[in-house]
2 protein chains.
Amino acid sequence: MGRGKIEIKRIENSSNRQVTYSKRRNGIMKKAKEITVLCDAQVSLVIFASSGKMHEYCSPSTTLVDILDKYHKQSGERLWDAKHENLSIELDRIKKENDSMQIELRHLKGEDITSLHHKELMAIEEALENGLGSVREKQASLMT
Amino acid sequence: MGRGKIEIKRIENSSNRQVTYSKRRNGIMKKAKEITVLCDAQVSLVIFASSGKMHEYCSPSTTLVDILDKYHKQSGERLWDAKHENLSIELDRIKKENDSMQIELRHLKGEDITSLHHKELMAIEEALENGLGSVREKQASLMT
DNA sequence: CCGACTATATATAAATC
DNA sequence: TGATTTATATATAGTCG
């Protein structure tokens, strides 16, 4: 709708794309407001430009959270739970990583080693000797 | 836009309202798809009719969860509940703990120590000596 | 890069089937 | 009712300052 017809495909010229983006964004926002008023609908509209900038519209009389809540109920899709689950999984993973580092650290400090066997102790001893070697070398170099 | 101009206020005739709703809903959906393609934007659009029926559009290449996640980051608004927020705070805390343990481990292994000063090196050296002492003592006791 | 300005393409209100 | 067809209102692509 304009001087010339355009195909609906990515606008390659980046400044044209930006201009079209902001014009059309305004257009959609306006339409969203209109349908809200004309048909008393509830609308939530969130747009991210490729630049990462965000714009949103949400009908007055409601909030994004309300709309998502209704969405949640209607679609049966568990938006929150899914998000929640991902976080918990990551938390678990990192906690495990944490635990094993903590054990390694304790061992290197000579703690909690009573239950270790000869082979494991040898490995720790070697690691400590190597570390000590590096540190002493560094110390020496600082003495110039 | 049509045979007659209309004011932007609630359409009182309910069947007209319904008709206008579905026409305009289609229009907005189409516009949303177009801006997505033309300007590679990411769009999430959720509409509830007054009847309670829902319609949604979400750009391909993304999901509502992704968009909400970005929304959350940008707006700083608390879309997620308190429980969720706590999880994410804990995750951050544990990640930091993780990082500092990783650094400590590296130092004990003699890695990444070039930027350390004498005092710090001394502390590490002492820790290593202590560890080595404990480990060797344990080794000796195993030899019965 | 912006806003203002058209000429045209689209969307859609009302009419019609 | 609901789909299709107009006649008109709007949106907007390209242009200019």
Side-chain angles (χ1 to χ4, degrees), chain A residues 1-64 67-68 70-71 74-75, chain B residues 1-64 67 70-71 73-75:
Chain A
M1 359 165 150
R3 291 291 182 93
K5 178 171 179 153
I6 57 165
E7 265 188 286
I8 302 302
K9 65 170 192 179
R10 187 187 136 98
I11 296 169
E12 293 303 337
N13 180 306
S14 105
S15 80
N16 280 352
R17 191 167 64 241
Q18 160 59 31
V19 169
T20 293
Y21 173 72
S22 72
K23 284 182 178 178
R24 280 174 173 260
R25 176 168 47 67
N26 288 335
I28 293 183
M29 293 281 181
K30 186 175 174 193
K31 294 278 184 193
K33 284 171 204 170
E34 288 179 352
I35 200 173
T36 295
V37 175
L38 290 169
C39 311
D40 57 29
Q42 297 189 317
V43 179
S44 153
L45 175 63
V46 179
I47 311 185
F48 282 90
S50 51
S51 72
K53 238 185 179 181
M54 185 187 77
H55 289 267
E56 82 168 303
Y57 170 75
C58 186
S59 319
S61 85
T62 190
T63 65
L64 183 51
I67 292 204
L68 293 176
K70 288 176 79 172
Y71 178 95
Q74 288 233 359
S75 70
Chain B
M1 0 164 151
R3 290 291 183 95
K5 177 169 180 156
I6 57 167
E7 266 189 285
I8 301 303
K9 63 171 193 178
R10 187 187 138 99
I11 296 170
E12 292 303 337
N13 180 307
S14 108
S15 80
N16 280 353
R17 190 167 65 240
Q18 160 59 30
V19 169
T20 293
Y21 174 72
S22 73
K23 284 182 180 177
R24 280 176 173 260
R25 176 168 47 68
N26 287 335
I28 294 183
M29 293 280 180
K30 186 175 174 193
K31 294 279 184 194
K33 283 173 204 170
E34 288 179 351
I35 202 174
T36 295
V37 175
L38 290 170
C39 312
D40 56 32
Q42 295 188 318
V43 180
S44 155
L45 175 63
V46 179
I47 311 184
F48 283 90
S50 51
S51 71
K53 239 184 179 179
M54 183 188 78
H55 288 268
E56 83 169 300
Y57 170 73
C58 184
S59 319
S61 85
T62 188
T63 66
L64 185 50
I67 292 203
K70 288 175 79 174
Y71 179 94
K73 280 179 187 144
Q74 289 232 357
S75 70

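First the proteins, then the strands, lettered A, B, ... as listed; each starts at 1. Below, each value reflects all heavy atoms present in this structure, side chains not excepted, and no hydrogens, waters or symmetry copies. This structure is a prediction, so every number in the text was calculated from the model and none was measured.
Counting to the nearest Å, the C1' atom of D/dA13 and the CG atom of A/N13 are 13 Å from each other. The distance between atom CD of A/E34 and atom P of C/dT10, rounded to the nearest whole Å, is 19 Å. As a whole-Å value, the separation of A/I35 CD1 from D/dT10 P is 16 Å.
Residues B/R10 and B/R17 have side chains in contact (heavy-atom distance under 4.5 Å, counting atoms from C-beta outward). By the 4.5 Å heavy-atom criterion applied to side chains, B/I6 and A/L38 are counted as neighbours. Counting heavy atoms from C-beta on, the side chains of A/M29 and A/H55 come closer than 4.5 Å.
Residues from residues 45-59 of chain B lying near DNA chain D, meaning a heavy-atom separation below 4.0 Å, are absent.
Taking both residues in full, the closest heavy atoms of A/F48 and B/Y71 are given as CZ-N, 3.6 Å, listed atom of the first, atom of the second, then distance.
Regarding contacts with the backbone of D/dA13, a side-chain N or O of A/T20 is found under 4.0 angstrom from either OP1 or OP2. Contact between the side-chain N/O atoms of B/K31 and the OP1/OP2 oxygens of C/dT10 is not found at any separation under 4.0 Å.
The residue among B/L38 and B/S15 whose nearest nucleotide of DNA chain D lies closer to the 5′ end is B/S15.
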Whether each nucleotide of nucleotides 2-9 of chain D has a protein heavy atom under 4.0 Å at its base (B), only at its sugar-phosphate (S) or at neither (-) is summarised, 5' to 3', as ----BBBB
Checking side chain to side chain contact (heavy atoms under 4.5 Å, CB included) for the pair B/K70/B/K73: CA distance, chi angles, key distance, verdict? CA-CA 5 Å; B/K70 288 175 79 174; B/K73 280 179 187 144; 5.7 Å; no
Start with the C-alpha distance between A/K33 and A/V37, add both sets of side-chain angles, then the distance that settles side chain to side chain contact (heavy atoms under 4.5 Å, CB included), and finish with yes or no. CA-CA 6 Å; A/K33 284 171 204 170; A/V37 175; 5.6 Å; no
Derivation of the side chain to side chain contact (heavy atoms under 4.5 Å, CB included) call for A/I11 and A/Y21: CA-CA 10 Å; A/I11 296 169; A/Y21 173 72; over 6 Å; no
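Counted within 6.0 Å of CD on A/E12, heavy atoms from surrounding residues, nucleotides or ligands total more than 12; the atom is thus considered enclosed.
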